2 protein chains.
Amino acid sequence: MANFSSRRQAVLEVMQKMRCHPSADMVYEECRKTIPNISLATVYRNLAFYEKQGLVGRVVGCDNKERYDVEMDTHCHIICTKCGEVMDMDYPQKLKQYLDDYCKQEGFSKFGLSFYGLCDNCKSNQNGNDNLKEL
Amino acid sequence: MANFSSRRQAVLEVMQKMRCHPSADMVYEECRKTIPNISLATVYRNLAFYEKQGLVGRVVGCDNKERYDVEMDTHCHIICTKCGEVMDMDYPQKLKQYLDDYCKQEGFSKFGLSFYGLCDNCKSNQNGNDNLKEL
DNA sequence: ACAAAAATGATAATTATTTTTATTTTTATA
DNA sequence: TATAAAAATAAAAATAATTATCATTTTTGT
(Lines give C-alpha, C1' and ligand atoms only; values in the text may rest on other atoms or scores of the structure.)
Protein backbone atom coordinates (compact mmCIF):
# COMPACT_ATOMS: atom_id res chain seq x y z
CA MET A 1 0.00 0.00 0.00
CA ALA A 2 1.41 3.39 1.03
CA ASN A 3 4.47 2.88 -1.09
CA PHE A 4 5.56 6.35 -1.97
CA SER A 5 7.45 7.49 -5.00
CA SER A 6 11.19 7.84 -4.58
CA ARG A 7 11.05 11.63 -4.49
CA ARG A 8 8.25 11.60 -1.99
CA GLN A 9 10.12 9.19 0.22
CA ALA A 10 13.26 11.26 -0.05
CA VAL A 11 11.49 14.35 1.23
CA LEU A 12 10.34 12.55 4.35
CA GLU A 13 13.68 10.89 4.96
CA VAL A 14 15.48 14.17 4.65
CA MET A 15 13.03 15.75 7.08
CA GLN A 16 13.64 12.97 9.57
CA LYS A 17 17.38 13.19 9.23
CA MET A 18 17.57 16.96 9.59
CA ARG A 19 17.74 17.79 13.25
CA CYS A 20 16.24 21.20 12.83
CA HIS A 21 13.11 22.94 11.65
CA PRO A 22 13.87 23.57 8.04
CA SER A 23 12.10 25.88 5.67
CA ALA A 24 11.01 24.45 2.33
CA ASP A 25 14.12 25.64 0.54
CA MET A 26 16.35 24.09 3.20
CA VAL A 27 14.63 20.77 2.59
CA TYR A 28 15.07 21.35 -1.12
CA GLU A 29 18.80 21.99 -0.81
CA GLU A 30 19.20 18.91 1.33
CA CYS A 31 17.28 16.75 -1.14
CA ARG A 32 19.41 17.96 -4.01
CA LYS A 33 22.47 16.37 -2.46
CA THR A 34 21.11 12.96 -3.31
CA ILE A 35 18.64 13.85 -6.06
CA PRO A 36 20.27 16.72 -7.93
CA ASN A 37 17.40 17.34 -10.31
CA ILE A 38 14.54 17.30 -7.83
CA SER A 39 12.30 20.31 -8.19
CA LEU A 40 11.42 22.83 -5.52
CA ALA A 41 7.76 22.46 -6.41
CA THR A 42 8.00 18.77 -5.61
CA VAL A 43 9.33 19.58 -2.18
CA TYR A 44 6.46 21.97 -1.55
CA ARG A 45 3.94 19.50 -2.90
CA ASN A 46 5.21 16.68 -0.74
CA LEU A 47 5.49 18.78 2.39
CA ALA A 48 1.84 19.69 1.85
CA PHE A 49 1.07 16.03 1.23
CA TYR A 50 2.68 14.94 4.49
CA GLU A 51 1.11 17.80 6.35
CA LYS A 52 -2.28 16.54 5.28
CA GLN A 53 -1.32 13.11 6.59
CA GLY A 54 -0.31 14.65 9.87
CA LEU A 55 3.26 13.40 9.49
CA VAL A 56 4.69 16.86 9.15
CA GLY A 57 3.60 20.06 10.80
CA ARG A 58 4.35 23.70 10.42
CA VAL A 59 5.96 25.88 12.99
CA VAL A 60 6.26 29.58 12.59
CA GLY A 61 9.52 31.22 13.41
CA CYS A 62 10.36 34.88 13.51
CA ASP A 63 11.31 35.20 9.89
CA ASN A 64 8.67 35.10 7.22
CA LYS A 65 9.23 31.57 6.11
CA GLU A 66 7.23 28.57 7.06
CA ARG A 67 9.24 26.07 9.04
CA TYR A 68 8.43 22.39 8.88
CA ASP A 69 8.72 19.84 11.61
CA VAL A 70 8.35 16.10 11.95
CA GLU A 71 6.98 14.68 15.17
CA MET A 72 4.64 17.42 16.16
CA ASP A 73 2.68 17.07 19.40
CA THR A 74 5.57 15.68 21.38
CA HIS A 75 7.31 18.93 22.12
CA CYS A 76 6.93 22.69 22.13
CA HIS A 77 9.21 25.29 20.67
CA ILE A 78 11.59 28.02 21.61
CA ILE A 79 11.79 30.64 18.90
CA CYS A 80 14.71 33.01 18.89
CA THR A 81 13.56 36.59 18.61
CA LYS A 82 16.81 37.54 16.97
CA CYS A 83 17.74 34.88 14.43
CA GLY A 84 14.40 33.13 14.09
CA GLU A 85 15.81 29.72 14.86
CA VAL A 86 13.28 27.20 16.13
CA MET A 87 14.33 24.75 18.81
CA ASP A 88 12.52 21.84 20.38
CA MET A 89 11.79 21.72 24.04
CA ASP A 90 10.06 19.21 26.24
CA TYR A 91 6.85 20.45 27.73
CA PRO A 92 7.30 21.86 31.20
CA GLN A 93 6.38 19.44 33.94
CA LYS A 94 2.74 18.32 33.89
CA LEU A 95 1.81 20.78 31.19
CA LYS A 96 1.51 18.33 28.32
CA GLN A 97 -1.03 16.22 30.13
CA TYR A 98 -2.99 19.26 31.17
CA LEU A 99 -3.17 20.58 27.61
CA ASP A 100 -3.98 17.18 26.14
CA ASP A 101 -6.87 16.78 28.53
CA TYR A 102 -8.09 20.29 27.94
CA CYS A 103 -7.91 19.81 24.21
CA LYS A 104 -9.88 16.59 24.29
CA GLN A 105 -12.44 18.04 26.65
CA GLU A 106 -13.04 21.06 24.42
CA GLY A 107 -12.89 19.16 21.17
CA PHE A 108 -9.84 20.87 19.70
CA SER A 109 -7.73 18.80 17.36
CA LYS A 110 -4.33 20.00 18.50
CA PHE A 111 -2.44 22.81 20.14
CA GLY A 112 0.87 24.58 19.83
CA LEU A 113 2.97 26.29 22.46
CA SER A 114 5.96 28.50 21.78
CA PHE A 115 8.28 30.46 23.97
CA TYR A 116 10.15 33.46 22.64
CA GLY A 117 13.57 34.62 23.67
CA LEU A 118 17.21 34.71 22.65
CA CYS A 119 18.84 31.42 21.72
CA ASP A 120 22.18 30.58 23.31
CA ASN A 121 24.04 31.56 20.22
CA CYS A 122 22.48 35.00 20.02
CA LYS A 123 22.79 35.40 23.75
CA SER A 124 26.57 35.14 23.55
CA ASN A 125 26.82 37.37 20.46
CA GLN A 126 24.91 39.98 22.38
CA ASN A 127 24.49 43.36 20.82
CA GLY A 128 21.38 44.44 22.64
CA ASN A 129 19.20 43.89 19.63
CA ASP A 130 16.37 41.59 20.61
CA ASN A 131 14.39 42.11 17.45
CA LEU A 132 14.73 40.76 13.95
CA LYS A 133 13.21 43.87 12.42
CA GLU A 134 15.88 46.14 13.80
CA LEU A 135 18.23 47.45 11.15
CA MET B 1 6.57 62.90 23.43
CA ALA B 2 5.00 59.87 21.71
CA ASN B 3 2.74 62.03 19.60
CA PHE B 4 2.33 60.02 16.47
CA SER B 5 1.52 61.21 13.02
CA SER B 6 -2.13 61.08 12.03
CA ARG B 7 -1.64 58.05 9.80
CA ARG B 8 0.27 56.23 12.45
CA GLN B 9 -2.40 56.96 15.00
CA ALA B 10 -5.10 55.85 12.62
CA VAL B 11 -3.49 52.47 12.15
CA LEU B 12 -3.49 51.82 15.87
CA GLU B 13 -7.01 53.12 16.38
CA VAL B 14 -8.30 50.93 13.60
CA MET B 15 -6.53 47.96 15.12
CA GLN B 16 -8.12 48.65 18.47
CA LYS B 17 -11.54 49.11 16.99
CA MET B 18 -11.45 45.95 14.88
CA ARG B 19 -12.62 43.09 16.99
CA CYS B 20 -10.74 40.50 15.02
CA HIS B 21 -7.25 39.53 14.01
CA PRO B 22 -6.84 41.33 10.75
CA SER B 23 -4.23 40.77 8.10
CA ALA B 24 -2.35 43.82 6.85
CA ASP B 25 -4.68 44.32 3.92
CA MET B 26 -7.71 44.16 6.16
CA VAL B 27 -6.24 46.95 8.28
CA TYR B 28 -5.49 48.81 5.07
CA GLU B 29 -9.08 48.54 3.82
CA GLU B 30 -10.38 49.68 7.17
CA CYS B 31 -8.04 52.66 7.26
CA ARG B 32 -9.09 53.73 3.79
CA LYS B 33 -12.61 54.33 5.02
CA THR B 34 -11.43 57.39 6.91
CA ILE B 35 -8.18 58.11 5.05
CA PRO B 36 -8.89 57.20 1.44
CA ASN B 37 -5.40 57.85 0.14
CA ILE B 38 -3.42 56.03 2.82
CA SER B 39 -0.87 53.69 1.37
CA LEU B 40 -0.59 49.98 2.01
CA ALA B 41 3.10 50.46 2.64
CA THR B 42 2.27 52.85 5.45
CA VAL B 43 0.09 50.24 7.06
CA TYR B 44 2.86 47.66 6.89
CA ARG B 45 5.38 50.17 8.15
CA ASN B 46 3.28 51.16 11.11
CA LEU B 47 2.31 47.63 12.02
CA ALA B 48 6.01 46.86 12.13
CA PHE B 49 6.57 49.99 14.16
CA TYR B 50 3.99 49.02 16.75
CA GLU B 51 5.21 45.48 16.80
CA LYS B 52 8.62 46.75 17.79
CA GLN B 53 7.01 48.73 20.58
CA GLY B 54 5.21 45.62 21.72
CA LEU B 55 1.81 47.23 21.19
CA VAL B 56 0.90 44.89 18.38
CA GLY B 57 1.77 41.27 17.94
CA ARG B 58 1.55 38.73 15.19
CA VAL B 59 -0.54 35.63 15.28
CA VAL B 60 -0.38 33.00 12.65
CA GLY B 61 -3.54 31.56 11.26
CA CYS B 62 -3.99 28.69 8.86
CA ASP B 63 -3.78 30.77 5.72
CA ASN B 64 -0.49 32.22 4.59
CA LYS B 65 -1.06 35.73 5.79
CA GLU B 66 0.28 37.29 8.91
CA ARG B 67 -2.48 38.26 11.30
CA TYR B 68 -2.02 41.15 13.67
CA ASP B 69 -3.36 41.51 17.15
CA VAL B 70 -3.46 44.20 19.80
CA GLU B 71 -3.28 43.22 23.46
CA MET B 72 -1.11 40.19 23.20
CA ASP B 73 -0.25 38.31 26.37
CA THR B 74 -3.73 38.52 27.79
CA HIS B 75 -5.27 35.70 25.86
CA CYS B 76 -4.53 32.71 23.69
CA HIS B 77 -5.98 31.78 20.33
CA ILE B 78 -8.25 29.33 18.67
CA ILE B 79 -7.36 28.93 15.03
CA CYS B 80 -9.90 27.38 12.72
CA THR B 81 -8.37 24.61 10.69
CA LYS B 82 -10.88 25.19 7.94
CA CYS B 83 -11.29 28.93 7.40
CA GLY B 84 -8.17 30.16 9.20
CA GLU B 85 -10.08 32.53 11.44
CA VAL B 86 -8.30 33.46 14.65
CA MET B 87 -10.34 33.89 17.80
CA ASP B 88 -9.39 35.03 21.25
CA MET B 89 -9.80 32.82 24.23
CA ASP B 90 -9.08 33.28 27.91
CA TYR B 91 -6.36 31.05 29.19
CA PRO B 92 -7.68 27.90 30.76
CA GLN B 93 -7.87 28.06 34.53
CA LYS B 94 -4.50 28.58 36.26
CA LEU B 95 -2.58 28.18 33.03
CA LYS B 96 -1.69 31.83 32.50
CA GLN B 97 -0.03 32.12 35.88
CA TYR B 98 1.84 28.88 35.37
CA LEU B 99 3.20 29.99 32.02
CA ASP B 100 4.06 33.49 33.23
CA ASP B 101 6.05 32.06 36.08
CA TYR B 102 7.75 29.52 33.88
CA CYS B 103 8.63 32.21 31.39
CA LYS B 104 10.15 34.47 33.98
CA GLN B 105 12.02 31.61 35.58
CA GLU B 106 13.57 30.53 32.28
CA GLY B 107 14.20 34.02 30.99
CA PHE B 108 11.91 33.89 27.97
CA SER B 109 10.39 37.14 26.90
CA LYS B 110 6.95 35.87 26.01
CA PHE B 111 4.95 32.85 24.94
CA GLY B 112 2.11 32.00 22.65
CA LEU B 113 -0.50 29.27 22.90
CA SER B 114 -2.89 28.26 20.17
CA PHE B 115 -5.56 25.63 19.89
CA TYR B 116 -6.62 24.27 16.55
CA GLY B 117 -10.06 23.08 15.60
CA LEU B 118 -13.22 24.01 13.73
CA CYS B 119 -14.81 27.34 14.56
CA ASP B 120 -18.55 27.38 15.28
CA ASN B 121 -19.31 28.71 11.85
CA CYS B 122 -17.43 25.95 10.06
CA LYS B 123 -18.78 23.39 12.49
CA SER B 124 -22.34 24.13 11.39
CA ASN B 125 -21.47 24.29 7.69
CA GLN B 126 -19.96 20.84 8.05
CA ASN B 127 -18.76 19.11 4.96
CA GLY B 128 -16.22 16.83 6.54
CA ASN B 129 -13.30 18.86 5.32
CA ASP B 130 -11.11 19.75 8.29
CA ASN B 131 -8.24 21.05 6.21
CA LEU B 132 -7.67 24.30 4.36
CA LYS B 133 -5.46 22.63 1.81
CA GLU B 134 -8.14 20.28 0.64
CA LEU B 135 -9.46 21.08 -2.80
C1' DA C 1 10.22 80.76 10.52
C1' DC C 2 13.23 77.44 9.13
C1' DA C 3 16.39 73.62 8.82
C1' DA C 4 16.72 68.73 9.93
C1' DA C 5 14.50 64.54 10.68
C1' DA C 6 10.84 61.50 10.08
C1' DA C 7 6.87 59.78 7.64
C1' DT C 8 4.43 59.08 3.51
C1' DG C 9 2.44 57.55 -1.30
C1' DA C 10 3.31 55.35 -5.26
C1' DT C 11 5.53 52.01 -7.33
C1' DA C 12 9.11 48.72 -8.15
C1' DA C 13 11.45 44.80 -6.42
C1' DT C 14 11.80 40.77 -3.78
C1' DT C 15 10.54 36.55 -1.77
C1' DA C 16 7.86 32.62 -0.80
C1' DT C 17 4.52 29.70 -2.43
C1' DT C 18 1.23 27.81 -5.75
C1' DT C 19 -0.39 26.64 -10.40
C1' DT C 20 0.11 25.07 -14.87
C1' DT C 21 1.40 22.01 -18.45
C1' DA C 22 3.75 18.73 -20.91
C1' DT C 23 6.27 14.68 -19.72
C1' DT C 24 7.65 10.80 -16.93
C1' DT C 25 6.88 7.41 -13.48
C1' DT C 26 4.07 4.43 -10.98
C1' DT C 27 0.15 1.43 -10.34
C1' DA C 28 -3.34 -1.76 -11.39
C1' DT C 29 -5.08 -5.00 -14.22
C1' DA C 30 -5.63 -7.88 -18.00
C1' DT D 1 4.72 -8.88 -19.20
C1' DA D 2 2.04 -5.43 -21.77
C1' DT D 3 -0.68 -1.65 -21.42
C1' DA D 4 -3.96 1.79 -20.13
C1' DA D 5 -5.12 4.94 -16.36
C1' DA D 6 -3.68 7.51 -12.56
C1' DA D 7 -0.38 9.89 -10.03
C1' DA D 8 3.84 12.41 -9.60
C1' DT D 9 7.24 15.22 -11.56
C1' DA D 10 10.36 19.21 -13.56
C1' DA D 11 10.43 23.48 -15.26
C1' DA D 12 8.63 27.61 -15.70
C1' DA D 13 5.08 31.01 -15.20
C1' DA D 14 1.84 33.11 -12.15
C1' DT D 15 0.30 34.74 -7.83
C1' DA D 16 0.38 36.81 -3.45
C1' DA D 17 2.40 38.93 0.42
C1' DT D 18 5.81 41.79 2.10
C1' DT D 19 9.69 44.95 1.80
C1' DA D 20 12.59 48.50 -0.37
C1' DT D 21 13.20 52.70 -2.99
C1' DC D 22 12.77 57.45 -3.75
C1' DA D 23 10.87 61.84 -4.50
C1' DT D 24 7.71 64.57 -1.89
C1' DT D 25 5.21 66.03 2.20
C1' DT D 26 4.64 66.44 7.08
C1' DT D 27 6.33 66.88 11.55
C1' DT D 28 9.68 68.36 15.01
C1' DG D 29 12.95 71.12 17.47
C1' DT D 30 15.05 75.28 17.87
Side-chain angles (χ1 to χ4, degrees), chain A residues 1-15 21-53 55-69 84 86 131-135, chain B residues 1-15 21-53 55-69 84 86 131-135:
Chain A
M1 68 249 42
N3 220 354
F4 300 142
S5 75
S6 58
R7 310 275 148 120
R8 178 161 293 175
Q9 272 181 294
V11 169
L12 187 60
E13 277 162 26
V14 158
M15 280 293 291
H21 299 80
S23 54
D25 60 303
M26 288 164 79
V27 177
Y28 171 63
E29 286 307 330
E30 198 60 28
C31 285
R32 293 220 299 172
K33 291 180 183 172
T34 50
I35 307 174
N37 75 328
I38 195 172
S39 155
L40 177 57
T42 296
V43 171
Y44 271 104
R45 252 181 278 126
N46 285 317
L47 286 173
F49 172 88
Y50 285 124
E51 192 186 2
K52 211 179 288 183
Q53 312 275 307
L55 281 168
V56 161
R58 298 192 192 200
V59 208
V60 179
C62 282
D63 52 10
N64 286 327
K65 288 179 188 171
E66 297 284 339
R67 302 292 194 119
Y68 295 85
D69 191 10
V86 180
N131 195 318
L132 270 185
K133 303 288 164 183
E134 207 72 35
L135 53 136
Chain B
M1 69 248 41
N3 219 352
F4 300 143
S5 76
S6 59
R7 309 277 146 120
R8 180 161 291 175
Q9 272 180 294
V11 169
L12 188 59
E13 278 162 26
V14 158
M15 280 294 291
H21 300 79
S23 53
D25 60 303
M26 288 163 79
V27 177
Y28 170 62
E29 286 306 330
E30 198 61 28
C31 285
R32 294 220 299 172
K33 290 181 184 171
T34 49
I35 307 174
N37 74 327
I38 195 172
S39 156
L40 178 57
T42 296
V43 172
Y44 271 106
R45 257 184 307 227
N46 285 316
L47 287 173
F49 173 87
Y50 286 123
E51 193 186 2
K52 213 180 285 183
Q53 312 276 307
L55 281 168
V56 162
R58 298 193 193 200
V59 208
V60 180
C62 281
D63 50 12
N64 285 329
K65 288 179 188 172
E66 297 284 340
R67 302 294 192 118
Y68 294 87
D69 191 11
V86 180
N131 195 318
L132 270 187
K133 302 288 166 184
E134 207 75 34
L135 55 135

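A quick note: this is a predicted structure, and the numbers were derived from the prediction, not measured. Each chain gets a letter, A, B and so on, in the order the sequences are listed, and its residues count up from 1.
- Going from atom CG of A:Asp25 over to atom C1' of C:dT18 covers 15 Å, rounded to whole Å.
- Spacing between atom OH of A:Tyr28 and atom P of C:dT15 amounts to 16 Å, rounded to whole angstrom units.
- Here the P atom of nucleotide C:dT8 and the CD atom of B:Gln9 are 11 Å apart, to the nearest Å.
- The SG atom of A:Cys31 lies 9.5 Å from the CD atom of A:Glu13; values are rounded to the nearest 0.5 Å.
- For the atom pair B:Gln9 CD and B:Asn46 CG, the distance stands at 10.5 Å (nearest 0.5 Å).
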For nucleotides 10-13 of chain C, which of its nitrogen or oxygen atoms have a protein nitrogen or oxygen under 3.5 Å away, and what is each distance?
none

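- Residues B:Phe49 and B:Phe4 bring their aromatic ring centres within 6.0 Å.
- Here the straight-line distance linking atom NE2 of A:His21 with atom CG of A:Asp69 works out to 3.5 Å at 0.5 Å rounding.
- With 3.5 Å as the limit, one finds a donor-acceptor pair spanning the side chains of B:Arg45 and B:Thr42.
- Contact annotation: A:Ser5 side-chain N/O to D:dT9 OP1/OP2 distance is under 4.0 Å.
- Rounded to an integer number of Å, the gap from CZ of B:Phe4 to C1' of C:dA7 is 13 Å.
- Taking atom CZ on A:Arg67 and atom P on C:dT15, their separation rounds to 16 Å, with Å as the unit.
- Atoms OH (B:Tyr44) and P (D:dA16) sit 13 Å apart, rounded to a whole Å.
- Residue B:Glu66 contributes atom CD, which lies 12 Å from atom C1' of C:dA16 at whole-angstrom precision.
- B:Asn46 comes within 4.0 angstrom of sugar-phosphate atoms only, judged by non-hydrogen atoms across all strands, and of no base.
- None of B:Glu66, B:Met15, B:Arg67 except one satisfies the side-chain contact (heavy atoms from CB on, under 4.5 Å) rule with B:Pro22; the exception is B:Met15.
- Put simply, CE on A:Met26 is 16 Å from C1' on C:dT15, counting in whole angstrom units.
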